[in-house]
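Report on the structure given below.
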Amino acid sequence: MLQEKYAKLDDLAAPNCYVAPPTNEDLSYVVHFRQICKRYNIDFSSADSDEKNFVMKMAEKSFMPKRA
């Protein structure tokens with residue numbers, strides 16, 4: 001299973017593929033997402049699926065008005 005994941009990463013790094021650098025909007029969303037995690041005292045890396053879903057929904061919901 002781990003080999004399959006590594007194979008997918010190798011496919012992304014192929015000479016005819018690329019990964020786009022993050023935009024300013026991407027970076028501001030990451031900062032906002034981390035603030036939401038801190039506000040609700042949730043460590044996303046060790047959170048259960050309910051906590052992860054909650055944080056993602058709260059971040060998306062509160063980030064959208066800031067973009068407009």
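All values below were derived from every heavy atom in this structure, side-chain atoms included, with hydrogens, water molecules and symmetry-related copies excluded.
Around atom CG of N24, no more than 12 heavy atoms belonging to other residues, nucleotides or ligands sit under 6.0 Å away.
Counting heavy atoms from C-beta outward, M56 and F44 have side chains that approach closer than 4.5 Å.
Rounded to the nearest 0.5 Å, atoms OG (S62) and CD (Q35) are 9.0 Å apart. Between the NZ atom of K57 and the CD atom of E60 there is a distance of 7.5 Å, given to the nearest 0.5 Å.
Minimum heavy-atom separation, C37 to V55: SG-CG1, 3.5 Å. Nearest heavy-atom pair, I42 versus A47, reported as atom, atom and distance to 0.1 Å: CG2-CB, 3.8 Å.
By the 30° and 60° cut-offs, the orientation of the rings of F63 relative to H32 is tilted.
Side-chain N or O atoms of E51 include one that pairs as donor or acceptor with a backbone N or O of D48 at under 3.5 Å.
Among residues two or more places apart in sequence or in another chain, the side chain to side chain contact (heavy atoms under 4.5 Å, CB included) test is passed with N41 by none.
At a threshold of 4.5 Å between side-chain heavy atoms, the hydrophobic network of Ile, Leu, Val, Met, Phe, Trp and Tyr places Y40 and Y29 in one connected group.
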